[in-house]
*Asks:* 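The following block contains the structure, expressed as structure tokens.
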Amino acid sequence: MFAAYAARIDRDHPLNGLELGERPAPGARPGWTTVTVRAASLNHHDLWSLRGVGLPADRLPMILGCDAAGVDEDGNEVVVHSVIGATGHGVGPGETPSILTERYQGTFAEQVTVPTWNVLPKPPELTFEQAACLPTAWLTAYRMLFTNAGVRPGDSVLVQGAGGGVATAAIALGSAAGLRVYATSRDEAKRARALELGAAEVFEPGARLPRRVDAVIETVGAATWSHSVKCLRRGGTLVISGATSGDAPARAELTRIFFLELKVVGSTMGSKDELEDLLSFCALTGVRPVIDEVLPLERAREGFEKLEAGSQFGKIVLTPTP
């Protein structure tokens, strides 16, 4: 079957390790199901995998891709939850989970095999392309907002770096849930798009906000860390799930953190129950993932190049040829 896969690890030039071509179709496995992929979406996790983060060279070649929506062996339209327990089934108490492509072949292919536990019904209100955007970036944003930040309708939230998958999701989900959402971006066009998504106001990075916020959604890291801390009200929460600009800020702002009793919470992905809630939330409210571009799987390299350059707004989706 045709697939996009990591053939080599290159930490400095990750796309040098990306190959497009034939890979073995997945075989039957007890307790697992094979999903015919109708759509799969790119994440920064795929670029990090090509750099060898979470993917050692001895596991290559590895088909990339965490997210997918498609049709299972019984003809059901499903969405794949990409977090898999160490036993290859549901994540047990105290168990360290893995994400597809860290141990198991991923979704950038005509078919993917996952534990039966890991598939959820696709709501009919969502297209395959829309549903394929949810399991990583949108699930991460959902958990950041509603589980780890604990915000409620009427609260205020700052989302750093509008345009990225998680940030875009946080803006759309937050505004739909009745939050006052502020967003930042270096790009004027991306700030305008953030307003269209429901942001109350948009700013250049580092700008002074009209008020201090209840929570900050942080995925940028070093470049925005100090600004994120300074924008929080006393007792506010900074939730971080990524550091695309680096993980070593010039100033940690420790004095401000302890003096204002701020909370810093790490957040990674989300549970199957949270994904089920997210699917229902989108179906009921009409909120839909922002899709930057849909490409055939054969043009996956173009999507990776765009993701690496950071020129996208929303998700890039790949569709295998039927």
Side-chain angles (χ1 to χ4, degrees), residues 43-45 47-48 51 53 137 140-152 154-175 179-195 197-269 307-313:
N43 293 285
H44 276 95
H45 181 270
L47 283 174
W48 286 111
R51 291 187 171 99
V53 178
T140 297
Y142 186 91
R143 181 178 179 84
M144 292 176 79
L145 282 168
F146 305 122
T147 301
N148 289 327
V151 287
R152 299 176 297 177
D155 285 347
S156 56
V157 175
L158 169 64
V159 178
Q160 298 279 22
V166 174
T168 302
I171 294 168
L173 291 170
S175 61
L179 305 176
R180 177 178 290 273
V181 180
Y182 301 121
T184 68
S185 176
R186 294 173 298 176
D187 186 280
E188 183 178 356
K190 290 183 178 180
R191 292 197 297 271
R193 292 288 302 277
L195 287 173
L197 279 176
E201 295 183 64
V202 294
F203 305 90
E204 294 185 359
R208 185 181 182 89
L209 302 186
R211 56 192 283 187
R212 289 184 175 170
V213 297
D214 298 290
V216 175
I217 301 302
E218 174 65 83
T219 59
V220 179
T224 55
W225 181 261
S226 182
H227 182 242
S228 292
V229 174
K230 291 176 181 177
C231 287
L232 283 169
R233 64 162 176 80
R234 176 178 290 275
T237 303
L238 193 161
V239 186
I240 179 167
S241 68
T244 56
S245 67
D247 61 1
R251 296 187 60 181
E253 303 291 349
L254 297 180
T255 301
R256 184 179 292 270
I257 289 172
F258 73 71
F259 187 73
L260 294 178
E261 298 184 323
L262 305 179
K263 294 180 283 292
V264 177
V265 181
S267 188
T268 301
M269 291 290 289
L307 184 66
E308 185 181 36
S311 59
Q312 86 286 356
F313 190 95

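We number each residue from 1, following the sequence as shown.
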*Asks:* Taking A223's backbone N and O only, do any of them form a donor-acceptor pair with S245's side chain (distance below 3.5 Å, no angle check)?
*Replies:* yes
*Asks:* Ignoring hydrogens and geometry, is there a side-chain-to-backbone donor-acceptor pair from E218 to V220 under 3.5 Å?
*Replies:* yes
*Asks:* Apply ring pair (Phe, Tyr, Trp, His ring centres under 6.0 Å) to F313 and list each qualifying residue two or more places apart in sequence or on a separate chain.
*Replies:* none
*Asks:* Would you check if L158 and T184 make a side-chain contact, meaning some heavy-atom pair closer than 4.5 Å?
*Replies:* yes
*Asks:* For V216 and Q160, work out which heavy atoms get closest and say how close.
*Replies:* CG1-CG, 4.2 Å
*Asks:* Quick one: closest heavy-atom pair of S267 and N148, and the distance?
*Replies:* OG-ND2, 2.8 Å
*Asks:* If I compare all heavy atoms of A137 with all of A169, which pair ends up nearest, and what's the gap?
*Replies:* O-CB, 4.3 Å
*Asks:* Would a 4.5 Å heavy-atom cut-off, applied to side chains only, mark L197 and V181 as touching?
*Replies:* no
*Asks:* Distance from S185 atom OG to R191 atom CZ, nearest 0.5 Å?
*Replies:* 6.5 Å
*Asks:* Considering non-hydrogen atoms only, spot the tightest contact between G310 and K190 and give its length.
*Replies:* O-NZ, 2.7 Å
*Asks:* Of all heavy-atom pairs between L260 and R212, which one has the smallest distance, and what is that distance?
*Replies:* CD1-NH1, 4.4 Å
*Asks:* Less than 4.5 Å apart, side chain to side chain, heavy atoms only: is that true for R251 and V229?
*Replies:* no
*Asks:* For residues 231-240, dump all side-chain donor-acceptor pairs below 3.5 Å to protein atoms at least two apart in sequence or in another chain.
*Replies:*
{"unit_1": "R233", "atom_1": "NE", "unit_2": "D214", "atom_2": "OD1", "d": "2.5"}
{"unit_1": "R234", "atom_1": "NH1", "unit_2": "F259", "atom_2": "O", "d": "3.2"}

*Asks:* I'd like to know if the side chain of T147 and the backbone of M144 have a donor-acceptor N/O pair within less than 3.5 Å.
*Replies:* no
*Asks:* Please report the shortest heavy-atom distance between A183 and A162, naming the atom on each side.
*Replies:* CB-CB, 4.3 Å
*Asks:* Atom CZ of residue position R256 - does it have more than 12 heavy atoms of other residues, nucleotides or ligands inside 6.0 Å?
*Replies:* yes
*Asks:* Within this structure, what is the CG-OG1 distance for the pair N43 and T140, rounded to the nearest 0.5 Å?
*Replies:* 8.0 Å
*Asks:* From S311 OG over to D187 CG, what is the distance, rounded to the nearest 0.5 angstrom?
*Replies:* 10.0 Å
*Asks:* For residues V157 and V213, determine if any side-chain heavy atom of one lies less than 4.5 Å from a side-chain heavy atom of the other.
*Replies:* no
*Asks:* Count the heavy atoms belonging to other residues, nucleotides or ligands that lie under 6.0 Å from CZ of R143, then report whether that count exceeds 12.
*Replies:* yes
